[in-house]
Amino acid sequence: MPELPEVEGVVRSLAPVSAGRTILSVKISETVLSAKQIGKEAIVKGITSEDFISEMAGMKILALSRRSKYIYFHVERDEEPYLLVSHLGMTGAWFVVDTLDDIKEERFRRHVHVTFEMADGGLLVYSDIRRFGELRLVKAESDYPPLLEMAPEPFSEEALHHFLAMCETPKYARKPIKEVIMDGHVISGCGNIYATEALYTMKIHPNRSAGRISKERKIELFQTIVDVLQESIRAGGSSISDYRNINGEAGTMQERLKMYGKKFCPGCGTRTKSLKIAGRTSVYCPSCQH
DNA sequence: AGCAGCGTCCGGCCGC
DNA sequence: TGCGGCCGGACGCTG
């Protein structure tokens, strides 16, 4: 389940082996081709398969960056810049290999959906077991408004003020704090794992209304989220279920998690509880979190 | 106009 | 061993 730290790890490992290379041609899996043919938006979004294939041919990858949980491939063709935006969804993964057989893990090898054949011979491969991910080619972020509506990067200077201001709007003030911090319009890149961890560290019940937390505590909560995201980046991300970086390496952050997926509170030993908030499982300690 | 709530995209896994 | 139900980021649509 890639959240910001996992996506950061992908960008860091993918950039050095893909930047500077040129895409010769593109292959899309039969699964995706037929899904798109019957009108579904399958992985390659906002464009027909044929157009994606012809648009991507000849693209040179200039650089990679991360924005929230999105990977941005900065590309150009005939000196015209484009952005190839990649979201990993639940189970997306990138590989740089010579042949598909080099993808060692069978479950990824079985679900290869987009293969970019590079001019220098290698392959840049997108695999996605559940197909919740997406690839979207745009001229610029403004071509796809949701990209402009994302909260600032959590490590940027304006992120804290953005968070505090959003908490005070009528839309968010009465919502559960967990729903608020997981909303990409409020904080970028904080998914279920890190929201769960930060609320546990802060001893805040996930269902508490955002408006019923003092400004001081909200500032501390924000800093806790930033800290846990940075700790996870340093640890190479959390390898829960299907996340690997492009070298097939698993991160170690999952070993440092204190509440996500736990049956008992590591602090007091109380059996944890779980409730649904905004459709997502939210684990907490009923004794420590209020 | 803006928002809440639901549908959508799926394979894997769990429990019966 | 077979199978129905559940899970989940984030957008898009509906009412």
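In what follows, every heavy atom counts, from backbone to side chain, and hydrogens, waters and symmetry copies are set aside. These numbers come from a predicted model, not from an experiment. Note on naming: letters A, B, ... go to the chains in the order of the sequence lines (proteins, then strands), and numbering restarts at 1 for each one.
The nucleotide whose nearest atom lies closest to any side-chain atom of A:Met90 is, among B:dG12, C:dG8, C:dA10, C:dG8. Of the candidates B:dG11, C:dG8, C:dC11, C:dG8 carries the atom nearest the A:Asn192 side chain, counting heavy atoms from C-beta on. For A:Arg130, the listed nucleotide lying nearest its side chain is C:dC7; candidates were C:dG12, C:dG9, C:dC7. The side chain of A:Ile129 has B:dG12 as its nearest neighbour among C:dC11, C:dA10, B:dG12. Out of C:dG8, B:dG11, B:dA4, the shortest distance to the side chain of A:Lys175 is found at B:dA4. Side chain of A:His87, nearest nucleotide from C:dC11, C:dG9, B:dC10: C:dG9. Looking at the side chain of A:Lys40, the nearest of the listed nucleotides B:dG11, C:dG9, B:dC9 is B:dC9. Taking every side-chain heavy atom of A:Lys171 into account, B:dA4 is the closest of B:dG11, B:dA4, C:dC11.
You'll find the ring centres of A:His113 and A:Tyr126 outside the 6.0 Å limit. When ring centroids are compared, A:Phe108 and A:Trp94 stay outside the 6.0 Å threshold.
Phosphate contact (OP1/OP2 of B:dG11, side-chain N/O of A:His111, threshold under 4.0 Å): absent. A sub-4.0 Å separation between OP1 or OP2 of C:dG8 and a side-chain N or O of A:Thr281 is present. Between A:Lys276 and the phosphate of C:dC7, there is a side-chain N or O to OP1/OP2 separation shorter than 4.0 Å. Between A:Arg131 and B:dG11 there is a side-chain N or O to OP1 or OP2 distance below 4.0 Å. A:Lys45 has no side-chain polar atom (N or O) that falls below the 4.0 Å cut-off from OP1 or OP2 of B:dC9.
Following rounding to the nearest Å, A:Tyr194 (OH) and C:dG8 (P) show an atom-to-atom distance of 16 Å. Across the protein-nucleic acid pair, A:Glu41 atom CD and B:dG7 atom C1' stand 14 Å apart, rounded to whole Å. Rounded to whole Å, the distance from CD1 on A:Ile277 to P on C:dG9 is 14 Å. Nucleotide B:dG11 holds its C1' atom 13 Å from the CD atom of A:Glu106, rounded to whole Å. Atom CG in A:Leu275 sits about 17 Å away from atom P in C:dC6, given to the nearest Å. Taking atom CZ of residue A:Arg136 and atom P of nucleotide B:dC9, one finds them 15 Å apart after rounding to whole Å. When the P atom of B:dT8 is taken as reference, atom CD1 of A:Ile38 falls 13 Å away, rounded to whole Å. Rounded to a whole Å, the CZ atom of A:Phe108 is 13 Å from the C1' atom of B:dG12.
B:dC10 has no base stacking with the ring of A:Phe132 when judged by centroids under 5.5 angstrom apart and an interplanar angle below 30°.
Contacts of A:Gly279 with the nucleic acid, taken as non-hydrogen atoms under 4.0 Å apart, involve only primed sugar atoms and P, OP1 or OP2. Nucleic acid contact class of A:Tyr172 (heavy atoms, under 4.0 Å, all strands): none. Using a 4.0 Å heavy-atom criterion, one finds that A:Lys36 contacts no nucleic acid atom at all.
Not a single donor-acceptor pair under 3.5 Å links the side chain of A:Ser188 to the backbone N or O of A:Pro154. Remark: the backbone N or O of A:Lys263 is paired with a side-chain donor or acceptor of A:Thr272 at under 3.5 angstrom. Under a 3.5 Å cut-off, the side chain of A:Asn192 and the backbone N or O of A:Thr281 do form a donor-acceptor pair.
Ring geometry, A:His74 versus A:Tyr72: the interplanar angle exceeds 60°, so the pair is classed perpendicular (tilted spans 30 to 60°).
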